Amino acid sequence: MSEVEIYSQLSNSLSTTALFGIMWAFLLWVAGRSASVAIESDAGIVMKIAVTVFGLVSLFQFNLAASYVRFGFETAAHSLAVLKDSGADLSARALSSIEVMNGSTAVPQFSLIPDPIGILFILSVGYLIIGRLWLGPKL
């Protein structure tokens, strides 16, 4: 596989993942709006449970899409590192990509655990949707 093919695969992967990310970001907004409506209308327990489940599923799926973005970059860096080890001449951009994305010849492992900033995002969105719903808007 050439350097151009690696970048092409990364681009295709990011384009597809972006569509899922946009969809789940919209559904996170819907979950947040549903929580606000439930709070304003003093919804019953069944509605609160439904909004909670919807919010948790949306948050999980958004995290899954974000995990695939990170995995796509790690995979591209891995492929570039393997290409470099095979003796191919790589561009300065490829060498920089290997360095910045921690590329190595070890096969990257997919992980659902976000980086520290991602964890803060998950916790804050989780509170905005679920915490406000169960703990009240004034906490």
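Every heavy atom of this structure was used, including side-chain atoms; hydrogens, water molecules and symmetry mates were not. These figures come from a predicted structure and were not determined experimentally.
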Is it the case that one hydrophobic cluster holds both Ile49 and Val57, taking links as side-chain heavy atoms less than 4.5 Å apart, direct or via other members?
yes

Could you see if Val46 belongs to whatever hydrophobic cluster contains Leu56? Use Ile, Leu, Val, Met, Phe, Trp, Tyr and a side-chain cutoff under 4.5 Å.
yes

Please give me the minimum heavy-atom distance between Arg132 and Gly32, naming the atom from each residue.
NH2-O, 3.9 Å

Same apolar cluster: Ile98 and Leu14, side chain cutoff 4.5 Å
no

Report whether Trp24 and Phe26 are members of the same hydrophobic cluster (ILVMFWY, side-chain heavy atoms less than 4.5 Å apart, transitive linking).
yes

Just by modelled atom types, is the Trp29 backbone N or O under 3.5 Å from a matching donor or acceptor in the Arg33 side chain?
no

Val30 and Phe54, any side-chain heavy atoms less than 4.5 Å apart:
yes

Restricting to non-hydrogen atoms, name the atom on Ala76 and the atom on Leu10 that form the minimum distance, rounded to 0.1 Å.
CB-CD2, 4.0 Å

Which atom of Met1 lies closest to which atom of Leu83, heavy atoms considered:
O-CD1, 3.2 Å

Pairwise side-chain contact, Leu59 with Asn63, heavy-atom cut-off 4.5 Å (strictly under)
no

Under 3.5 Å, is there a donor-acceptor pair between the side chain of Ser11 and the main chain of Tyr7?
no

Leu27 vs Phe62 side-chain heavy atoms within contact, under 4.5 Å:
no

Is there a donor-acceptor pair under 3.5 Å between the side chain of Ser96 and the backbone N or O of Arg93?
no

For the backbone of Thr75 and the side chain of Ser79, can you confirm whether one donor and one acceptor N or O come within less than 3.5 Å of each other?
yes

Closest non-hydrogen atoms of Thr52 and Trp134, given as atom of the first, atom of the second and distance, are OG1-NE1, 2.6 Å

Around atom NZ of Lys48, are there more than 12 heavy atoms of other residues, nucleotides or ligands at under 6.0 Å?
yes

Does Gln9 offer a backbone N or O that forms a donor-acceptor pair with the side chain of Ser13 under 3.5 Å?
no

Enter the distance from Leu133:CG to Met47:CE here, rounded to the nearest 0.5 Å.
8.5 Å

Hey, quick one: are Met23 and Val125 part of the same hydrophobic cluster, counting side-chain heavy atoms closer than 4.5 Å, chains of contacts allowed?
yes

Cut-off 3.5 Å, no hydrogens considered: what does the side-chain donor-acceptor table look like for residues 100-123, sequence neighbours left out?
| from | atom 1 | to | atom 2 | distance (Å) |
| --- | --- | --- | --- | --- |
| Ser104 | OG | Ala106 | N | 3.3 |
| Ser111 | OG | Ile113 | N | 3.1 |
| Asp115 | OD1 | Gly118 | N | 2.8 |

Is atom CG of Asp89 surrounded by more than 12 heavy atoms (other residues, nucleotides or ligands) closer than 6.0 Å?
no

Interatomic distance, Ile6 atom CD1 to Leu80 atom CG [nearest 0.5 angstrom]
4.5 Å

Over 12 non-hydrogen atoms of neighbours within 6.0 angstrom of CZ in Phe71:
yes

